[in-house]
Amino acid sequence: MNLKDKLLAFDCEATGLNPWGDLERWGSYPARPYAFSFSNSEFETEYVRFQVNPKNRGVNYFESFLSISRFEWLKKLLEDPTIIKIGHNIGYDIRMCRHIGIEVKGEIHDTLIMAHVVTGGSLLSYGLKELGVRIAEFPDEDERDLKEATRKARTAGKKLGWALATKELHGRDPIKADYWMAPDELCKRYAVQDAQRTMFLFLAWHDRIMNDPSMRRVYEREIALSRVVAKMENRGTQFLPDQATKLRKFYEAYRAKQLEIADTNGGKGLNFRSPKQMVTKFIDEKGYEPIYYTQKGNPQINGDSLKFWHENKGDKLAGAILESKGASHMISGFLDPYERFKVKENDKTWVLHPNYRQCGPVTGRFSCGDPNLMQVASPTTGRRKTEITLRPREAFGPRNGYIWYLPDYSQIEVWVFSFLAKEHAMCEALLQGRDFHGAVAEKVWGKLPTFESDHSYFRKRAKLLMFCKLYGGGVNKVAYLTDSTPEEAEIFVREFDTQLPGISTYMKRMTTKAEREGKIINPLGRTYYIDPNFCYRAVNYMVQGTSADILKNAMIRIDSLFTRKWNDCHILLTLHDELVIEVPLKYHSKKLMREIIAEMQRDSAEIGIPVPLPVGMKIAKKYWSDTIEIESLTKEWKDKYICKKIN
DNA sequence: GTTCGCGGCGCC
DNA sequence: AAAGGGCGCCGCGAAC
């Protein structure tokens, strides 16, 4: 395999997907690489394989002189900074290498990111094989054969007491994690073809991306960001098992109490999570009218229905079900996954390493899983339906000697929406530092005689309408949310559109553009290819996606700030418009906070906002649930940038 | 026995 | 003409 042009595609085969397992608790090693495949730009290949210990899934890189020399060869190749490394989701391969003491150096490229940039996030699947078939009609039967062989090997291995991959520890498709059990020819064919596919995609897309300023900008942003995401995942967020145990006890007791109440009110033997049984119970047996219907037209027994029956019919069963489901959700939706994924960092510290998908959602946002730390419930947000609140944030907090900073953009989607649409009244309300939804309400309905006395009602209506616009909701949705008839809702929408003409004009413009051209490009360069049947989503993609790219830029800058000036500060989590940052106590200062905020504000001009974006700052000393707002920083922004008049 | 779509609900 | 956007995870139960 010559490397004249210094291009090298590579792919690791690993014993699973989760690199953060816990040998002590699992009885087997977490995912480690056992095979490496390479392709140069002429599709010449190399393949290096190590043995997996079937009893504990450990990989032995040093079992013989031969394997030691293979390892040395690998290390030299991957650590050579003059060779350009190309991978499909290369962050994963880099992490696998890192775990075995190989630091991948030099320029990197990622065909997964390329695919996302080129297709504007519009594909359903960005798997290497699917892309290979789509772009190059690459045959993809290699995996089928490998999978079949693995299935057989697993059956045999089970009898021998091998540590087979399981759903609990290795995710939805454990067979994939056991490819090492199959005959090596099959594994080799599969691995080598993946490296070739990767090279092919790279060659097909590289120049196209580099020659297009928008695509190049997004691609380079994402590549830079991939290093930041890796650091964030590697660092991990501290999980507090003792807190979790306390919470578990509390919620279990609460659930038991509610189940007792349910039992004595006719709920014995009823499975609350079975929509079918619930319909039988509440609609057929009790004779209640369905309040909502599912997409398929069945009666919908959701939290809102139960709440309604509990409150309006005094139905104790409905209330108890609601409460017990709330407690169950806390346990099975939050506490259980955390227990599964927790990893011991040292004697005192347990950590969760979430898995971020940098190029998942169409809009350019992140998604997160294993566990999803973007959806950790907070008692203060969400629509509360139950007495019981979900408090999983009490099981997270800064490591010893650190404090958390939680900077967040204030109403970023509203700012982006207003300034992209150049809706004068809305921009003015923001620049004047007014209560935004209150100001919108006044603009739209301020002349009504009841406006003053019903201010909070009108404000709420304005807010709901704003979000309906943002999400592409129609009149029926407005009617539902404002608890009014479609006829009334239509009037609200018309009044809104008349008084805030910028919004409807902008929405029309984007929708038409999407219809005519099939795509739109956000101000930070990201392209969205829009399904002609869903052009109404264009505006949402613009607003949500622009906000996402603003935060992505900020993350890159903040990471660079930390590397340059504030060693040992770490971005831990990103939550769409918010970051969680771990800061050593010795650095804790307004100065550092201001510098972080400044890095988040630099993109204002890109979207025509004449002031730095407003950023709030909170700190958490002990638990994520216990945050303190640093109001003085918000005040500094207001004092400096709020203008009372606008020309 | 496994796979997959759906409903429900957590986050932004 | 009308359409709430973007995610991940759990549990159920029909389909395979």
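In what follows, chains are A, B, ... by sequence order, proteins preceding strands, each numbered from 1.
Salt-bridge annotation for A:R151 and A:E148: present, with a side-chain N of the basic residue lying under 4.0 Å from a carboxylate O of the acidic one. Looking at A:R526 and A:E222, a side-chain N of the basic residue comes within less than 4.0 Å of a carboxylate O on the acidic one, giving a salt bridge. Remark: A:K469 engages A:D497 in a salt bridge, criterion side-chain N to carboxylate O under 4.0 Å. Taking 4.0 Å as the cut-off between side-chain N and carboxylate O, A:D626 and A:K618 do not count as a salt-bridged pair.
Using a 4.0 Å heavy-atom criterion, one finds that A:D370 contacts the sugar-phosphate atoms exclusively. In this structure, A:L373 reaches neither bases nor backbone, as no heavy-atom distance under 4.0 Å exists between it and the strands shown. Within 4.0 Å (heavy atoms only), A:Q300 reaches sugar-phosphate atoms of the nucleic acid but no base atom. Within the nucleic acid shown, A:K469 has no heavy atom closer than 4.0 Å to any nucleic acid atom. Among the protein residues, A:G545 comes within range of no part of the nucleic acid, since none of its heavy atoms lies under 4.0 Å from any strand. Residue contacts shown for A:V376 are limited to sugar-phosphate atoms, with no base heavy atom under 4.0 Å away. If you check every strand for non-hydrogen atoms under 4.0 Å, A:V539 touches nothing. Residue A:L551 is classed as having no contact, given no heavy-atom separation below 4.0 Å to the nucleic acid. Contact annotation for A:S378: backbone-only contact, meaning every heavy-atom pair under 4.0 Å involves sugar-phosphate atoms and none involves a base. Here A:R151 lies out of heavy-atom contact (under 4.0 Å) with every strand. No engagement by A:P275 is indicated, since no non-hydrogen atom pair under 4.0 Å with the nucleic acid exists. As judged by a 4.0 angstrom heavy-atom cut-off over every strand, A:T381 is placed among residues touching the sugar-phosphate backbone only. Counting non-hydrogen atoms under 4.0 angstrom, A:N476 reaches the backbone sugars and phosphates but no base.
Once rounded to the nearest 0.5 Å, the distance linking CZ of A:R365 with CD of A:Q544 reads 3.5 Å. For the atom pair A:F419 CZ and A:M426 CE, the distance stands at 9.5 Å (nearest 0.5 Å).
Note that the first and last nucleotides of DNA chain C, 5' to 3', having any atom under 4.0 angstrom from a heavy atom of chain A are C:dA3 to C:dA14. Contact footprint of chain A on DNA chain B: nucleotides with an atom under 4.0 Å from a non-hydrogen protein atom, first to last in 5' to 3' order, B:dG7 to B:dC12.
In this structure, A:H310 has no ring pair (Phe, Tyr, Trp, His ring centres under 6.0 Å) partners at least two apart in sequence or on a different chain. Residues that satisfy the side-chain hydrogen bond (donor to acceptor under 3.5 Å, both in side chains) test with A:R255, not counting sequence neighbours, are A:S328. Partners of A:H116 under the ring pair (Phe, Tyr, Trp, His ring centres under 6.0 Å) rule, at least two apart in sequence or in another chain, are A:Y126.
For A:N234 (side chain) and A:A230 (main-chain N/O), a donor-acceptor pair under 3.5 Å exists by modelled atom type.
Test A:Y338, A:W404, A:W350, A:Y623 against A:F396 for ring-ring contact (aromatic ring centres under 6.0 Å, His included) and you get one pass: A:Y338. Put simply, the residue from A:T363, A:V416, A:I412 that forms a side-chain contact (heavy atoms from CB on, under 4.5 Å) with A:T546 is A:V416.
Comparing A:T511 and A:Y541, the nucleotide of DNA chain C nearest to each residue sits closer to the 5' end for A:T511. Comparing A:R365 and A:K385 against DNA chain B, the residue whose closest nucleotide sits nearer the 5' end is A:K385.
Within residues 279-286 of chain A, no residue has any heavy atom under 4.0 Å from DNA chain B.
Between C:dG4 and B:dG7, the two P atoms lie 15 Å apart (nearest whole Å).
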